[in-house]
Amino acid sequence: MTVREKVRRVAILLERSLGIPKQPATLPRPLDVLIATVLSQNTNDKNSHGAYIALRRRFRSWEEVAGAPVRSIVATIRKGGMADQKARRIKSILKEIRTREGSYDLDSLRRLSNDEIMDSLTSLPGVGPKTAACVILFSLGRDIFPVDTHVHRICGRLGIADGSRTPEETFRTMAKRIPEGKGYSFHTNLIRFGRMVCRATQPLCGECPLVGLCLFEGKSVRRRRIPSGADHRFMLLDNVAP
Ligand code: SF4
């Protein structure tokens, strides 16, 4: 089996286990996704979502956020963690966008290729490839595969990223291997899979539908009790040999 065939197999097995995620019919605007992704760094979904909602409620526009004192933004997004760093970063990003675009808006990205968008966004303060790829995927609906630390970890354990040492390397390696049209589904399912089964510590290898494909030396196939909150559908799958 080639690596590309293995990636396709993993994507199919995850879709059978978790379903095929669909993008919402109406996509959020690029700047909204950019700021939401900055707020999601180093925290969980609940806290970052809460911080984003609080920010949108407190300020009526991105222009207001850009003009607000840092301490006011910090107080608003505190529940998202690292509030001081994120508030300064958001203000720097908004200032740079205003300089480049003449407004607090990134809709001009729609006219650019993915590579051009990656170059443009990663030149903003504190914006890396994962955040830029999230903007392309979630606001423009294009076929791209963002790689965060969790996706990087799972790709490494499965042996489909050629030993890439960082999420950025994994992003570049996997870009050539994701089946066409599967960027959203594969990314979304891997995130869920990483939370429920292939966790950073004590992965539930005994319940994993990918165990026959996995090269992780620390895997243990002893069956464990599924924790509350985990998806019971993994219990229904037989482990699949390569
Ligand atoms: Fe992750 Fe274990 Fe499954 Fe490998 S066998 S993908 S380490 S849960």
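Below, all heavy atoms of this structure are taken into account, side chains as well, without hydrogens, waters or symmetry copies. Throughout, numbering of the chain's residues begins at 1 and tracks the sequence. Start at 1 and go down the list; that is how both ligands and their atoms are numbered.
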Write down, by chain and number, every protein residue that brings a non-hydrogen atom to less than 4.0 Å from an atom of ligand 1.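 Close residues (ligand 1, cut-off 4.0 Å): R157, L158, V197, C198, P203, C205, C208, V211, C214, F216.
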By side chain to side chain contact (heavy atoms under 4.5 Å, CB included), which residues pair with H187, not counting sequence neighbours?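 For H187, the residues satisfying side chain to side chain contact (heavy atoms under 4.5 Å, CB included) (neighbours in sequence not counted) are L137, F138, F145, P146, V151, I191.
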List for me each residue that meets side chain to side chain contact (heavy atoms under 4.5 Å, CB included) alongside V3, sequence neighbours excluded, and say none if there are none.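 So V3 forms a side chain to side chain contact (heavy atoms under 4.5 Å, CB included) with V7, I160, R177.
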S164-T173 side chain donor-acceptor pair, cut-off 3.5 Å: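 On atom types as modelled, these side chains qualify, holding a pair under 3.5 Å.
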Quick check: does any side chain N or O of S185 sit under 3.5 Å from a backbone N or O of K182, one acting as donor and the other as acceptor?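 Such a contact is absent between S185 side chain and K182 backbone.
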Exactly one of L109, D107, I97 should register a side-chain contact (heavy atoms from CB on, under 4.5 Å) with L31. Which one does?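 The option that passes is I97.
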Quick test of your reading: applying salt bridge (Lys or Arg N to Asp or Glu O under 4.0 Å), list the pairs with at least one residue in residues 63-72, sequence neighbours left out, ordered by first then second residue.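 Output for this query lists R60-E64.
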